[in-house]
Amino acid sequence: MQTIYTDFLVVGAGLAGERAAVETAEAGFSAICLSLVPARRSHSSAAQGGMQASLGNSVMGEGDGPDVHFADTVKGSDWGCDQEVARLFADTAPIEMRRLAHWGVPWNRVVPGKSIYYKGGKQFEKVEAAEKEGLIMARSFGGTAKWRTCYTSDGTGHAVMCTMDNRCAEKGVEVHDKTEAIALLQDGEACFGVVARCLRTGELRVYLSKATMIAAGGFGRIYPNTTNAVICDGGAHAMCVATGLVPMGNMEAVQFHPTGIVPTDILVTEGCRGDGGTLLDVDEKRFMNIYEPEKAELASRDVVSRWMTHHMREGHGVKSPYGEHLWLDIRHLGREHITGKLREVYEICTSFLGVDPIHQLIPVRPTQHYSMGGVRTNKDGAAYGLKGLFAAGEAACWDMHGFNRLGGNSLAETVVAGGIIGRRIAEFLEGCETEFKTGLTNDEVKRQQARIDALISGRDGSENVYKVRAAMQDALHKGANIFRTQEGLEKCVADLQEALIRAKKVGLRSNGKGVNPELTAALKLEGQVRLALMVAYGALMRTESRGSHNREDFPARNDRDWLTRTLAYWKKPEDTLPTLEYEPSTTVVEIPPGDRGYGHAEIISADDKKE
Amino acid sequence: MSRLLKLNIFRYNPEDEQSAPHMQEFVLEETDSMTLFIALNRVREEQDPSLQFDFCCRAGICGSCGMVINGRPGLACHTKTRDLPGEITLLPLPVFKLVGDLSVDTGTWFREMYTKTESWIHTNKVFDPTALEERMDNKDAVAIYELERCVECGCCISACGTARLREDFMGAAALNRVARFLIDPRDQRTDRDYYDIIGNDMGIFGCMGLLACEDVCPKHLPLQNQLGFLRRKMGITSIKRLFSK
Ligand SMILES: Cc1cc2nc3c(=O)[nH]c(=O)nc-3n(C[C@H](O)[C@H](O)[C@H](O)COP(=O)(O)OP(=O)(O)OC[C@H]3O[C@@H](n4cnc5c(N)ncnc54)[C@H](O)[C@@H]3O)c2cc1C
Ligand code: SF4
Ligand code: SF4
Ligand code: FES
């Protein structure tokens, strides 16, 4: 068996992982990123909209600065975030965007003079300043006070990912793609690498490292309907959970987006509604205007998703072989607008649905989109529970997003956090003496091999991995979705516990040889069900509504009792529920909790807690 | 109403000594808006859990799912079954190393390509975090992005006669990559530097100009223009070299 040594090992080669690896490589350390797919296929490359940084170059961004960005972020989080981290983020984002420009990102630039833009379906004019010519341009995005979103045409994530991966190649950062980390190496105090499975041959391999980072992206695939890539499956989170020592933060905070297309849940942009598109039900009637007479389709993301789900529950959904959905109607915007301003939507509809949105309705439903929760770290990116273990990007709960993240803030987080935490890791490596414990390593490899053998031989049972996975997804979909109630969550937890029992009894139907995809799925299934239980059980216990977490039975945001972050542990392998602990959401308070200015307004104030 | 689709899929697992390359037939009922992504996943979940194929974004963005679909390299995720006849033949992309069934190793190929073309900005300027960003004409930015849209799916390489004949041919994706840096004002390399990379039979002079590459590119990259542009530029550079010797 192959053993590979490196100073810094990153599980994940998306923007967060590669940015951190570049930072340590520049400080003279060796760095390897593992990835399920070639780095540039990481989900970071799917982001089209852009990334937020308060450069204030565009005329519509005038007056912007880190303070405004910080305030938007804290409000967006519904005061669930760590304000010290949000501050660090807002202050650093402009520098990181400029650095990316230096490294090769072809950001769209300010073109001076007159131009038109649309808002709420209406046309407006703006004039860009001559002295800003050639600086990084910004576009408008939901939830922000200013135009702050830096972008490269309609492929921001792709362009930044290419540049970052080029930078890795230049700096000698190795990317081992088609390699899946399946277990952490640790001695109860420190982490010293991982056991990985080669997805070219199926063989196990050991990576020994002084510092290890989890930058494995989101875990949306534990839900049946998600905008996430198929690799966003939580396998790396599960590996941390399996240690019993590393807690996940705020797992109940899951963001849903109103317009994923059916059946594949690919995202069509919020711009459709922004430009005047409407949502229709099975009778092809509008309904958002009934629920939200003022804002209708233009209410905030979480609000629209909630009403859509409600309306389908009331029996107004369109039945399809892929489940119920609603319609998005942009026909009245006309051919020119659709093939021009909404070109990407036009292409998605024609290529993936065979639907021509100029003449036909688009089938849509609210869909899981982003995981605010993840591996809990402190502000230096160090994971709780194990020395030498770090996390960054969507996989982490560094916690600048709290209970709801703003569009454009995630991609920016990947590079900002990657840079800051990468520097902390370089400092950690400077003073680092590690012993690699070969005994423990051998034991872990044996344990993983035994797991594989058991699955292949069907020793523990003959449950079908895909059926159990579907049962888990179905339970979450029904009980831990946009709306949550005690009853629904209790049922969800019970169903997931049943799925957990079944997951322990999976046996393969195929022979498991080589890069067997059934084995790949089976190896992470039990861990995925544990993550699902962390989501559902955390949501059951959190008796308030905050950001994306909506309890119909507890509609108020309760700052008196719940200005806290949930920490979910899986203390023992035989446990059937996670152990929940709580810590304050933030220790530094720059902006005390208040009204966000949108969404629900009912708040139980923290001041009510006097004695 | 719905058709029964017949999928003929190439099967081979190099890690299993019992396995020999062969075609296997699967029958599946077509549903509304079915794509090959949906069809192949259903085959795997319901009929043969060992079937290997690659999807990632399933949205035409990441380039994972290149395969030969009824004789033509393309992205499987944005291929709708309703645009295909009832009998569909799926083969792995040629040129790349086979991992198993429909899955090939494009990662290694493209990583070698970055190394050969030194696919990063070459500059002696140092980043100053306290300064404003260096200005750039928006037209340049847009032009660079036009070429950077390549998703490295490998379809162009698989469709290329030269690439099939010569293992060391760089292919349209690599030449397009060089063009991307050549037009970037931040890159300080000269035509001569680029000539050292692509001014040979492995590079621009190996291309036969038949343009299968552009025909199959799912991102509709202007490969033809780039190949022409590079051939002219490198032709001139090679003449200049002759005279300066
Ligand atoms: C459709 C869509 C559009 C979006 N648009 C925007 C936008 O416009 N703006 C914005 O700010 N955000 C956007 N987001 C969110 C944003 O794209 C992601 O949150 C962000 O890119 C995550 O980056 P990352 O580096 O944390 O992880 P990823 O880019 O997801 O990378 C994860 C890496 O981990 C690897 N990996 C996973 N598990 C393992 C394992 N077990 N072993 C080894 N490797 C592993 C993967 O192969 C991959 O390389 C969007 C998200 C979606 C789904
Ligand atoms: S034009 Fe050149 S690169 Fe393109 S397919 Fe033909 S030989 Fe290959
Ligand atoms: S140039 Fe086109 S066909 Fe070739 S790898 Fe890139 S996207 Fe694929
Ligand atoms: S799966 Fe990403 S392009 Fe097809």
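Keep in mind that what you see is a predicted model, and the values were worked out from it rather than measured. In the text below, chain A, chain B and the rest are named by the order of the sequence lines, each starting its count at 1.
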request  = Could you look at A/T350 and say if it's the side chain, the backbone, both or neither that has a heavy atom under 4.5 Å from chain B?
outcome  = backbone
remark   = Rounding to 0.5 Å, atoms CG (B/N13) and NZ (A/K513) come to a distance of 8.5 Å
message = For the interface with chain A, which of B/D83, B/T123, B/D184, B/V151 has the highest count of heavy-atom pairs at distances below 4.5 Å?
response = B/V151
inquiry  = Within the 4.5 Å heavy-atom criterion, are B/N41 and B/F53 side-chain neighbours or not?
reply    = yes
Contacting region of B/T35 [heavy-atom separation from chain A under 4.5 Å] = side chain
query = Side chains of A/I452 and A/L523: does their closest heavy-atom pair fall under 4.5 Å?
reply = yes
message = Looking only at heavy atoms and a cut-off of under 4.5 Å, which of A/S42, A/P263, A/S45, A/P321 has the most pairs with chain B?
response = A/P263
key: Straight-line distance of B/R180 CZ to B/I144 CD1, nearest 0.5 Å   = 5.5 Å
query = Within the side chain of A/N57, is there an N or O that forms a donor-acceptor pair under 3.5 Å with the backbone of A/I136?
reply = yes
ask   = Given a strict heavy-atom distance threshold of 4.5 Å, which part of A/T226 is in contact with chain B: side chain, backbone, both, or neither?
value = backbone
query = Are more than 12 heavy atoms from other residues, nucleotides or ligands located less than 6.0 Å from atom CD of B/E45?
reply = yes
request  = Tell me, for A/P38 versus chain B, whether the close heavy atoms (under 4.5 Å) come from the side chain, the backbone, both or neither.
outcome  = side chain
query = Taking every heavy-atom pair that is under 4.5 Å apart, which of A/S320, A/A169, A/G354 has the most such pairs with chain B?
reply = A/G354
Note: A/D177-A/R41 ion pair, threshold 4.0 Å (strictly below) = no
inquiry  = Which atoms of B/K97 are under 4.5 Å from chain A, going by heavy atoms: the side chain, the backbone, both sets, or neither?
reply    = neither
key: Contact origin within B/A143 toward chain A - heavy atom pairs under 4.5 Å   = neither
task = Using non-hydrogen atoms and a 4.5 Å limit, figure out which bit of A/V111 sits close to chain B: side chain, backbone, both or neither.
result = side chain
inquiry  = Within the structure provided, determine whether A/N516 and A/I456 are in side-chain contact (heavy-atom separation under 4.5 Å).
reply    = no
request  = Of all the heavy-atom pairs spanning A/I266 and B/R58, show the shortest one and how long it is.
outcome  = CD1-O, 3.4 Å
inquiry  = With a 4.5 angstrom heavy-atom cut-off, is it the side chain or the backbone of A/E96 that approaches chain B, or both, or neither?
reply    = neither
key: Region of B/F110 that comes under 4.5 Å of a non-hydrogen atom in chain A   = neither
ask   = Measuring heavy-atom distances to chain A, does B/L132 have an atom under 4.5 Å in its side chain, in its backbone, in both, or in neither?
value = both
message = For A/I261, which atoms come within 4.5 Å of any heavy atom of chain B: side chain, backbone, both, or neither?
response = neither
ask   = Among A/R509, A/M137, A/K178, A/E170, which residue forms the greatest number of heavy-atom pairs with chain B at distances under 4.5 Å?
value = A/E170
Interface moiety of B/C150 toward chain A, non-hydrogen atoms closer than 4.5 Å = backbone
task = Using a cut-off of under 4.5 Å on heavy-atom pairs, state which of B/R149, B/E15, B/R135 scores highest against chain A.
result = B/R135
Side-chain touch B/T31/B/R42, heavy atoms, less than 4.5 angstrom = yes
remark   = The interface call for A/V105 against chain B, heavy-atom contacts under 4.5 Å, is backbone
ask   = What residue in B/P49, B/C62, B/A141 has the most heavy-atom pairs under 4.5 Å with chain A?
value = B/P49
inquiry  = So, applying salt bridge (charged side-chain N to carboxylate O under 4.0 Å, His left out) with B/R177, which one of B/E118, B/E148, B/E152 is it?
reply    = B/E152
Proximity breakdown for B/D54 and chain A, heavy-atom pairs closer than 4.5 Å = side chain
message = Would the distance check show the side chain of A/Q473 and the main-chain N or O of A/R221 forming a donor-acceptor pair, the cut-off being under 3.5 Å?
response = yes
inquiry  = Under a 4.5 Å cutoff for heavy-atom pairs, which residue among B/A131, B/S64, B/G60, B/S19 has the most contacts with chain A?
reply    = B/S64
query = By a 4.5 Å heavy-atom criterion (distance strictly below it), what part of B/S103 contacts chain A: side chain, backbone, both, or neither?
reply = side chain
key: Nearest-0.5 Å distance that lies between atom CG in B/L51 and atom OG in A/S510   = 10.5 Å
message = Between B/D137, B/V142, B/T106, who has the most heavy-atom pairs with chain A when the cutoff is under 4.5 Å?
response = B/T106
inquiry  = Shorter than 4.5 Å, heavy atoms on both sides: which option in B/W120, B/Y145, B/Y114 has the most such pairs with chain A?
reply    = B/W120
message = Does any backbone or side-chain atom of A/K467 lie under 4.5 Å from a heavy atom of chain B? Answer side chain, backbone, both or neither.
response = neither
